[in-house]
Amino acid sequence: MQETMRPRAEPTDADRDAMLRAAVAAPSMHNTQPWRFRFAGWEVEVYRDRERELPAEDPSRRMLYVSLGAAIFNLRVAAAARGIGSQVRHLMDQRRPDLVAVVELDAPLTGAMAGLAPYILQRRTNREPFSDERVPDQVRAELGLRARIEGAVLQWLDRPPGQWWLQMATNEAMDADDEDRGRTAERRRWVGGDRADDGVPSSALGPRIAGGNPVVRDLAATEADEARPVANFERAPQFAVLATRYDGPIEWLRAGQALEGVLLEATAQGISTSLLNQVIEHEGLRWQINDPLGPWQRPQAVIRFGYGLPVPPTPRRPIADVLIRD
């Protein structure tokens with residue numbers, strides 16, 4: 001293991017810009033990008049942005065913390081690519097309730113994370129149809145290892161009971177979403193139309209699903225988006241549940257780092273991904289998608305894997321908007 005060297009008094013402007021560009025490229029629910037960052041010497045303080053939270057769709061703030069964890073992971077990868085090691089201190093500070101973590105940039109540097117840096121800007125949420133080609137077992141094992149490195153596990157839903165539970169719970173979640181005015185109002189704010197810096201533009205929604213089985217999440221919130229063309233999706237979708245042993249904000253931050261690690265590893269392997277997380281957002285349903293007696297019984301994300309055509313990126317906030325300056 002190579003020890004991090006400190007050739008400068010603190011990270012340069014180029015270091016900071018690279019880390020921030022990577023952080024804002026992380027996935028977040030409806031692409032709200034609910035994060036802000038402050039550099040203090042060799043530390044990066046990570047803050048939640050309350051104006052970008054989703055109280056109706058994410059009442060527990062689970063997906064908020066997962067999103068923040070994904071941004072933290074990207075920041076660490078970008079730091080590693082510039083020869084800077086990192087470690088994370090997860091915080092619950094009542095004096096500063098918006099501060100969720102501190103990334104210390106003076107940790108030992110290893111080569112495990114730097115190799116993912118080229119894939120940060122290549123990663124996409126792909127809501128298009130995938131082919132029926134199966135993800136090889138060796139690649140599945142590598143994705144699982146990436147999750148375990150960050151303290152989570154990836155459970156593949158290959159057997160009929162797990163797939164049935166997911167489909168049933170997802171259908172229930174979709175019905176509950178459509179009946180909740182608060183949830184639909186939030187979707188209208190963040191989804192559809194043309195988007196400059198955030199949100200999910202209509203061009204990223206993908207086609208509607210022929211037959212109605214929940215393979216991808218249909219975020220349509222307007223009549224125009226609900227009239228999108230219909231397409232046939234893969235006959236045997238490949239899903240995996242990212243799970244942790246425990247629950248709570250700190251564990252959700254860890255889950256977000258594991259999630260982004262898996263998504264970047266999948267991108268490096270030429271695999272497309274999307275998330276089917278609406279069942280995770282309903283506490284009464286999320287227990288139906290995995291084995292309640294298993295040791296990893298806290299599902300934090302449902303990931304769809306496969307081989308699809310390239311899709312364009314969704315918009316991102318300028319790094320000046322997310323940087324807190326003293």
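Not measured: the values here are computed from a predicted model. No hydrogens, no waters, no symmetry mates; every other heavy atom, side chains included, goes into these values.
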K.L.:
With no hydrogens and no angle check, is any side-chain donor or acceptor of Asn31 less than 3.5 Å from a backbone partner on Pro315?
P.N.:
yes

K.L.:
Centre of Phe39's six-membered ring, under 6.0 Å away, within 45 degrees of the axis: is that where NZ or CZ of Arg16 sits?
P.N.:
yes

K.L.:
Any salt bridge linking Arg38 with Glu43? Criterion: basic side-chain nitrogen under 4.0 Å from a carboxylate oxygen.
P.N.:
no

K.L.:
For the hydrophobic clusters of this structure (ILVMFWY residues joined by side-chain heavy atoms under 4.5 Å, transitively), does one cluster hold both Trp252 and Leu275?
P.N.:
yes

K.L.:
Answer yes or no: is there a donor N or O on one side and an acceptor on the other, between the side chain of Arg36 and the main chain of Ile324, under 3.5 Å?
P.N.:
no

K.L.:
For the side chain of Glu128 and the backbone of Val311, is there at least one donor-acceptor N/O pair under 3.5 Å apart?
P.N.:
no

K.L.:
What is the distance from atom CD of Gln238 to atom CD1 of Ile303, rounded to the nearest 0.5 Å?
P.N.:
12.5 Å

K.L.:
Search all heavy atoms of Leu105 against all heavy atoms of Pro11 and return the closest pair with its distance.
P.N.:
CD1-CG, 4.0 Å

K.L.:
Would the distance check show the side chain of Arg228 and the main-chain N or O of Asp225 forming a donor-acceptor pair, the cut-off being under 3.5 Å?
P.N.:
yes

K.L.:
When Thr244 is tested against each of Gln300, Arg298, Glu150, Arg254 for side-chain hydrogen bond (donor to acceptor under 3.5 Å, both in side chains), which residue passes?
P.N.:
Gln300

K.L.:
Would you say Arg195's side chain and Gly193's backbone share a donor-acceptor pair under 3.5 angstrom?
P.N.:
no

K.L.:
Do Pro34 and Arg48 touch side chain to side chain, with heavy atoms closer than 4.5 Å?
P.N.:
no

K.L.:
Quick check: are there more than 12 heavy atoms from other residues, nucleotides or ligands sitting under 6.0 Å from CZ of Arg89?
P.N.:
yes

K.L.:
Does Arg140 make a cation-pi contact with Trp156 (under 6.0 Å, within 45 degrees of the axis)?
P.N.:
yes

K.L.:
Taking the side chain from Ser202 and the backbone from Gly192, do they hold a donor-acceptor pair closer than 3.5 Å?
P.N.:
no

